[in-house]
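Down below is the structure, laid out as structure tokens.
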Amino acid sequence: MACPFVYDVVDEGAALLRREFNPRRDRMIRPRLDLHITNITHRGQALTSEQILCVAFCFFANGSFLHNVGDAEHLSKAIVCRAVRKVYLALKRFLHIFVKFPSHKGAMKEELHRIAGFPNVIGCVDGTHIPIRAPSENEGDYVNRKSIHSINVQIICDASHLITNVEAKWPGSVHDSRVYRESTVSHRMERGKYDGYLLGDRGYPCRPTLLTPYPDPEPGPQQRFNVAHCRMRARVEMTIGLLKARFQCLCHLRVTPERACDIIVACVVLHNIATIRGEQHPALQIEAEDPIPAADMQDGRAVRDVICHNHFAV
């Protein structure tokens with residue numbers, strides 16, 4: 001399991017919990033979410049903010065902590081559930097502060113251009129599925145193409161693996177292209193609010209503001225375009241890998257879809273905090289998924305051809 005706040009999570013995470021639940025030691029954490037996470041009782045006494053944060057962070061780190069912390073620290077599952085819920089709802093309120101699209105637009109364009117020579121790119125977009133338990137209502141809507149119940153999450157990131165936009169509300173059966181089409185970022189891009197392009201895989205339609213690779217590239221500029229496109233798109237694949245590696249709870253959320261979406265958003269906020277702080281990240285295990293091509297290849301092909309000719313012809 002992995003956590004952005006410690007290096008050896010298994011050992012140091014357990015030690016941190018032991019310290020927080022040992023009243024003889026001075027507490028060193030200074031939480032800033034006190035107004036949202038206090039007043040959880042523990043055998044007649046309220047858990048401190050530090051204890052609530054530790055309970056929640058350990059759940060985010062390994063995903064099975066609801067039972068483990070109860071056994072290890074004599075906390076009931078109900079206490080742990082309430083602690084986790086208070087923290088992820090509090091973190092959700094910070095979404096607009098830590099997740100902004102686009103972030104540092106000028107510097108981001110320069111960095112993305114440096115990676116692969118792609119001009120005027122303001123982010124890379126991709127979807128990922130977060131498995132959940134089968135819901136009691138509309139169960140079939142959450143079955144994805146791998147026959148697993150999931151939430152389809154859209155992630156947009158920059159060159160530094162900072163997540164600049166997240167859409168975590170769609171059932172697993174919904175195609176990536178629809179998730180993007182219905183998103184606020186898509187609507188604003190189409191209205192010309194942002195100066196630049198997004199890069200996505202073949203799971204998205206080729207649009208003037210969302211460029212996808214050539215499906216059957218010809219030798220020369222089109223192949224070089226696809227190579228550069230792939231190098232850029234690797235950033236979002238790596239970002240998703242980092243998010244899941246840091247927060248093992250995202251391997252399978254055993255909660256309702258509504259709570260799963262809130263937990264995903266909370267993990268994104270924590271990921272960005274860890275990225276901004278330069279926290280050490282765990283080893284990556286990037287899942288290679290074959291995207292399903294979108295049904296409508298629309299007028300973005302002309303824009304793609306111009307960029308290909310102007311920047312990848314030589």
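Residue numbers count from 1 along this sequence. Fair warning: this is a prediction, and the values are worked out from it, not measured in the lab.
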When rounded to the nearest 0.5 angstrom, what distance separates [atom1] in [X] from [atom2] in [Y]?
X	Y	atom1	atom2	result
His309	Asp305	NE2	CG	10.0 Å
Ile130	Leu250	CD1	CG	4.5 Å
Arg207	Arg181	CZ	CZ	10.0 Å
Cys124	Tyr197	SG	OH	14.5 Å
Tyr180	Glu167	OH	CD	10.5 Å
Lys77	Arg82	NZ	CZ	13.0 Å

Test side-chain contact (heavy atoms from CB on, under 4.5 Å) applied to Met189 and Val185, step by step: CA-CA 6 Å; Met189 292 284 288; Val185 167; 3.9 Å; yes

Has [X] got a side-chain atom pairing as donor or acceptor with [Y]'s backbone, closer than 3.5 angstrom?
X	Y	answer
His161	Asp158	no
Thr239	Arg235	yes
Arg254	Ile132	no
Gln248	Ala245	yes
Ser173	Val143	no
Asn272	Phe98	yes
Arg304	Thr212	yes
His129	Arg145	no

same_hphob_cluster(Ile273, Ile97) at 4.5 Å side-chain heavy-atom cutoff: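 Linked within one cluster.
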
Ile263 with Ile148, same ILVMFWY side-chain cluster at under 4.5 Å: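 Looking at the clustering, Ile148 is in a separate group from Ile263.
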
Could you tell me if the side chain of [Y] sits less than 4.5 Å from the side chain of [X], heavy atoms only?
X	Y	result
Val121	Leu198	no
Val227	Gln223	no
Leu210	Val125	yes
Leu91	Phe60	yes
Ile52	Val87	yes
Ser160	Glu111	no
Ile163	His271	yes
Lys244	Ile240	yes

Nearest heavy-atom pair of [X] and [Y]: which atoms, and what distance?
X	Y	result
Leu112	Gly123	CD1-N, 3.9 Å
His229	Gly200	CE1-O, 3.0 Å
Ala116	Met232	CB-CG, 3.7 Å
Arg233	Pro213	NH1-CG, 4.2 Å
Ile155	Val236	O-CG2, 3.7 Å
Cys249	Cys267	SG-SG, 3.9 Å

Derivation and outcome, side-chain contact (heavy atoms from CB on, under 4.5 Å), residues Phe101 and Thr184: CA-CA 11 Å; Phe101 180 84; Thr184 301; over 6 Å; no

Working for side-chain contact (heavy atoms from CB on, under 4.5 Å), residues Phe94 and Val99: CA-CA 8 Å; Phe94 289 85; Val99 181; over 6 Å; no

Verdict with supporting geometry, Phe118 and Phe225, ring pair (Phe, Tyr, Trp, His ring centres under 6.0 Å): CA-CA 8 Å; Phe118 228 104; Phe225 177 97; 5.1 Å; yes

Residues Asp195, Lys109: salt bridge by 4.0 Å N-O rule: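 Lys109 and Asp195: salt-bridged.
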
Intermediate values then yes/no, side chain to side chain donor-acceptor pair (under 3.5 Å), Asn144 and Asn152: CA-CA 8 Å; Asn144 62 29; Asn152 191 357; over 6 Å; no

Side-chain cluster (under 4.5 Å, hydrophobic types only) that Val174 belongs to, other residues: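 Traced through the cluster, Val174 reaches Trp170, Val179.
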
Residues in salt bridge (charged side-chain N to carboxylate O under 4.0 Å, His left out) contact with Arg191, at least two apart in sequence or another chain: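 Arg191 satisfies salt bridge (charged side-chain N to carboxylate O under 4.0 Å, His left out) with no residue once adjacent residues are dropped.
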
Tyr194 six-ring centre to Arg188 NZ/CZ under 6.0 Å and within 45° of normal: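 Geometry flag: not set, cation outside 6.0 Å or 45°.
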
Where at least one partner belongs to residues 119-143, residue pairs that pass salt bridge (charged side-chain N to carboxylate O under 4.0 Å, His left out), sequence neighbours excluded: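 Listed by first then second residue: nothing to list.
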
Candidate pair Glu190 and Thr209, rule side-chain contact (heavy atoms from CB on, under 4.5 Å), full reasoning: CA-CA 7 Å; Glu190 294 294 329; Thr209 55; 3.5 Å; yes

